[in-house]
Enquirer: 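Below: one structure in structure tokens.
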Amino acid sequence: MTRSVLQAGSGSGGSVAAKRSGAGSGTASLRALDHRPMDATPEDVNRARLRAEAAWAEWRALPAARRARHLLEVRATLIERLDDVVETIVADTGKVATEAVVNEVLVTCELIGWYAKHAPRLLRPTKVRPGLLLHKSAEVRHEPLGVVGVISPWNYPLVLSMSPVVTALFAGNTVVLKPSEITPHVGLLAGEIFAQAGGGAYGDIVQVVTGGGEVGDALVRSGVAKIAFTGSVRTGKAVMKAAAETLTPVLLELGGKDPLIVCEDADLDRAARGAVWGAFTNCGQTCMATERVYVVDSVYDEFVDRVVRLTGKVRQGTGPGSDIGATTHEGQLRIIESHLSDAIAKGAKVLAGGEKVNIGGRESMEPTVLVDVDHTMATMRDETFGPLLPIMRVRDVDEAVKLANDSPYGLNASVFGRSKRVLDRVVSQLQSGNVCVNDVMVSYAIPALPFGGTKESGLGRAHGADGLYEFTQTKSVASDRLGLRREPQWLPLPRNLARLVRTAMRLRYRSRPNRSSHPSYDTNGGTEP
Ligand code: NAD
């Protein structure tokens, strides 16, 4: 499989600048991808926005079902280029091919399929009751916003670019995508796929600009209609601050410190396997990775034994027999090391891993299990984004929930147990945008489920109906049905109007709720109004 190295950035030939560099033709090997595309200038970013805006007129005018058909063409093109896509993801990130196929391409394809099926219905205008005004008709329309700026991270460079991009497109917007500077080739390849799909029809609906934070900042300030940002809390706050200057709306999918709770009646084998996969897949570089585990005292020792045994069997490498790959970049490794050394200095014990290894030329961290941890340690409080699995012993489920909620993050959480009553209670008490029961991370792969964070883990939702409406603006339309000469409240005001309305209101609103059926009268701990 051969492909040329792509290059984007400044220079002639337009703002997308997804042009092939004459020099770099070759296989998508690690070496070829060492060639970094140039950073786009603010002018490039602006040109990209203008091009996407020009494409918007035609794209937004298409019926939603026609847009959906084109996006299924995009999916077919993605599958045609599957090997190329997987190879590029692997080369840019150092993850293993299976992770790229399952966690990125498959999830993207399912999401496109779900929206192709449901977006046309969800985007249809909805009639609502006109209330008192029976002589009016009322409807809610969901209209596109315009050009959406998408800024994506490096850990899942395909799906975390494609998810906001395709959702915005389904809703009738066009897009400027800025992929992470650490994984630019995946973003460029995605741009190429959009340009190719359907024989190049609607080839300009996605523009790609490459570069780092400055380019992202230029995109935020470029006059786009909305920014969909996925990345760290720190950058998310900077994006929101910059966007505030122009009141540009933002969708923020930020970091996490996801807890996993093991109740005393849990299936310990499944819980241990879930924790090991949740903590180590993608070498721990997942926003909703299992970053801390709380185990009820009575099953703690057995759970830890199982986790340590399973961790010893995880194969870290680059080839087909590997379960997990590399730490993608050195900056991340430094954070992981600092969390590990801080924990050890404060009394934590390493029961598995704990060493650095070279994986395909990238210095990486081994899958590592830590015990004797507590909340004074960075590894229990700050996002590690690496393969550390700290396990803490707790008295009971209540203490586990309290510790799980003792965090500025609230992206995802997991709970393992059998009692439905306890599980339901834990689910409702956890301060988290997503909760997986007897499972980990799986909510992201269900396209109908809205995904997003509470607290500092973000604003807004991706996926599902909520995710689609993030990229629409609501237009409320009220229409007169009778065509009378005038309305009662128009000028000049009828003399007796106030008296008539008072009388009508007294008749309509005087009744009080029934004491036995209204929740505000429930004296046994019912909901206050
Ligand atoms: P990051 O915040 O460093 O970078 C994300 C993107 O923002 C990159 O494209 C970067 O170039 C760009 N950027 C940097 N400074 C910017 C600025 N001032 N203005 C605009 N854009 C700017 O994050 P990362 O290291 O690429 O990704 C890892 C982080 O992303 C982790 O915290 C992880 O939890 C989070 N994440 C969240 C989700 C989610 O869905 N909630 C998914 C994946 C990753």
Side-chain angles (χ1 to χ4, degrees), residues 36-37 39-40 42 45 92-93 103-104 107 111 149-164 167 176-184 186-187 208-222 224 227-245 248 250-258 282-291 327-336 382-386 407-412 432-434 441 443-445 449-463 467 470:
R36 293 289 288 264
D39 281 7
V45 172
D92 258 5
T93 60
N103 301 344
E104 299 225 50
V107 175
L111 185 70
V150 171
I151 300 175
S152 57
W154 50 265
N155 59 328
Y156 289 92
L158 183 78
V159 69
L160 294 177
S161 299
M162 290 297 267
S163 160
T167 312
V176 178
L177 164 68
K178 193 211 79 69
S180 167
E181 62 275 34
I182 294 165
T183 52
V186 178
V208 182
V209 290
T210 54
E214 283 178 18
V215 182
D217 186 60
L219 181 55
V220 174
R221 296 172 194 274
S222 69
V224 288
I227 284 289
F229 172 83
T230 309
S232 61
V233 172
R234 191 163 56 88
T235 313
K237 286 180 180 175
V239 165
M240 193 166 175
K241 200 168 167 187
E245 286 177 24
T248 303
V250 288
L251 165 63
L252 300 177
E253 297 287 352
L254 309 179
K257 185 75 196 167
D258 295 357
N282 213 39
C283 205
Q285 301 161 125
T286 306
C287 58
M288 54 195 314
T290 301
E291 290 237 345
T327 301
T328 297
H329 72 105
E330 210 186 314
Q332 198 58 49
L333 184 66
R334 300 285 93 87
I335 296 170
I336 300 165
D382 304 332
E383 186 180 44
T384 307
F385 221 54
S407 169
Y409 296 101
L411 188 56
N412 182 55
S432 183
N434 317 270
M441 295 205 281
S443 52
Y444 190 84
L449 271 184
F451 171 80
T454 56
K455 301 199 267 186
E456 293 205 351
S457 287
L459 288 179
R461 291 292 180 268
H463 301 180
E470 288 282 345

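Both counts, for ligands and for their atoms, begin at 1 and track the order of listing. Residue numbers start at 1 and run along the sequence shown.
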Enquirer: If you take the nearest heavy atom of each of A218, P153, G231, A462, which one is closest to atom 30 (O) of ligand 1?
Expert: G231

Enquirer: Can you find an N/O atom of S457 closer than 3.5 Å to an N/O atom of ligand 1?
Expert: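 Between S457 and ligand 1, no N or O pair is found under 3.5 Å apart.
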
Enquirer: Looking at E104 and V159, would you say the former's side chain and the latter's main chain have a donor-acceptor pair under 3.5 Å?
Expert: yes

Enquirer: Quick one: sort the W154 and F385 rings into parallel, tilted or perpendicular, breaks at 30° and 60°.
Expert: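 Aromatic pair W154/F385 classed perpendicular.
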
Enquirer: Please could you name the atoms of ligand 1 that E253 approaches to less than 4.0 Å, counting only its heavy atoms?
Expert: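 With E253 as reference, the close atoms of ligand 1 come out as 37 (C), 38 (C), 39 (C), 40 (O), 41 (N).
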
Enquirer: Taking heavy atoms and a distance under 4.0 Å, where does T230 meet ligand 1: side chain, backbone, both or neither?
Expert: both

Enquirer: Under the criterion side chain to side chain donor-acceptor pair (under 3.5 Å), I'd like the reasoning laid out for T384 against K257: C-alpha separation, chi angles, the key distance, then a yes or no.
Expert: CA-CA 8 Å; T384 307; K257 185 75 196 167; 3.2 Å; yes

Enquirer: Might you point out which heavy atoms bring G216 and I151 nearest each other, and give the distance in Å?
Expert: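 Taking G216 first and I151 second, the nearest heavy atoms are O-CD1, 3.7 Å.
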
Enquirer: Say whether G458 and ligand 1 are in contact under the criterion: heavy-atom distance to a ligand atom below 4.0 Å.
Expert: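 No; G458 lies far enough from ligand 1 that no heavy-atom distance drops under 4.0 Å.
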
Enquirer: Relative to ligand 1, is Y156 under 4.0 angstrom through side chain, backbone, both or neither, heavy atoms considered?
Expert: neither

Enquirer: Any atoms of ligand 1 less than 4.0 Å from a non-hydrogen atom of L254? List them with their elements.
Expert: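 Every atom of ligand 1 under 4.0 Å from some heavy atom of L254: 37 (C), 38 (C), 39 (C), 41 (N).
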
Enquirer: State, yes or no, whether a side-chain contact exists between S161 and V186 at a heavy-atom distance under 4.5 Å.
Expert: no

Enquirer: Is a side-chain donor or acceptor of N412 paired with a backbone partner of G433 at a separation under 3.5 angstrom?
Expert: no

Enquirer: Which of the numbered atoms in ligand 1 are below 4.0 angstrom from a heavy atom of E383?
Expert: 31 (C), 32 (O), 33 (C), 34 (O)

Enquirer: Which bit of L411 gets closer than 4.0 Å to ligand 1, counting heavy atoms only: side chain, backbone, both or neither?
Expert: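 Within the 4.0 Å criterion, L411 contacts ligand 1 through side-chain atoms alone.
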
Enquirer: Verify, without hydrogens or angle tests, whether T210 (side chain) and D39 (backbone) share a donor-acceptor contact under 3.5 angstrom.
Expert: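 The answer is no, because no donor-acceptor pair under 3.5 Å joins these two groups.
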
Enquirer: I'd like to check which ligand 1 atoms, numbered from 1 as shown, lie under 4.0 Å from a non-hydrogen atom of V239.
Expert: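 Those atoms are 19 (N), 20 (C).
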
Enquirer: What part of T286 sits under 4.0 Å from ligand 1 if we count only heavy atoms: the side chain, the backbone, both or neither?
Expert: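 Under 4.0 Å from ligand 1, T286 contributes no heavy atoms.
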
Enquirer: Of all the non-hydrogen atoms in the protein, which one sits nearest to atom 4 (O) of ligand 1, and at what distance?
Expert: T235 OG1, 4.5 Å

Enquirer: S152 versus ligand 1: do any nitrogen or oxygen atoms come within less than 3.5 Å of each other?
Expert: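 S152 vs ligand 1: N/O contact under 3.5 Å present.
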
Enquirer: Sub-3.5 Å donor-acceptor pair from the side chain of R36 to the main-chain atoms of E181, do we have one?
Expert: yes

Enquirer: List every atom of ligand 1 that sits less than 4.0 Å from any heavy atom of F229, numbering the atoms from 1 in the order shown and giving each element.
Expert: 2 (O), 5 (C), 6 (C), 7 (O)

Enquirer: Among all the protein's non-hydrogen atoms, which is closest to atom 18 (N) of ligand 1, and how far away is it?
Expert: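 Of the protein heavy atoms, G213 O, 4.0 Å lies nearest.
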
Enquirer: Verify, without hydrogens or angle tests, whether K178 (side chain) and G211 (backbone) share a donor-acceptor contact under 3.5 angstrom.
Expert: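 The answer is yes, because a donor-acceptor pair under 3.5 Å joins these two groups.
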
Enquirer: Stepwise, does the salt bridge (Lys or Arg N to Asp or Glu O under 4.0 Å) test hold for K237 with E456?
Expert: CA-CA 9 Å; K237 286 180 180 175; E456 293 205 351; 3.1 Å; yes

Enquirer: Under 4.0 Å from a heavy atom of F385: give me the atoms of ligand 1 that qualify, with their elements.
Expert: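 Near F385, the atoms of ligand 1 are 28 (C), 31 (C), 33 (C), 34 (O).
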
Enquirer: For atom 24 (P) of ligand 1, which candidate among W154, Y444, Y409 provides the closest heavy atom?
Expert: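 Closest candidate by heavy-atom distance is W154.
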
Enquirer: Calculate, to the nearest 0.5 Å, the distance between atoms CG and NE2 belonging to D92 and H329 respectively.
Expert: 12.0 Å

Enquirer: Counting only nitrogen or oxygen atoms and a 3.5 angstrom limit, does G211 reach ligand 1?
Expert: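 Not met; the criterion fails.
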
Enquirer: Find all atoms of ligand 1 within a distance of less than 4.0 Å from any non-hydrogen atom belonging to G212, and give their numbers and elements.
Expert: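 It comes down to these atoms of ligand 1: 11 (O).
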
Enquirer: Does R461 reach the main-chain N or O of G453 with its side chain, forming a donor-acceptor pair under 3.5 Å?
Expert: yes

Enquirer: What atoms of ligand 1 come closer than 4.0 angstrom to any heavy atom of N155?
Expert: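 Listed by number with element, the hits are 43 (C), 44 (C).
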
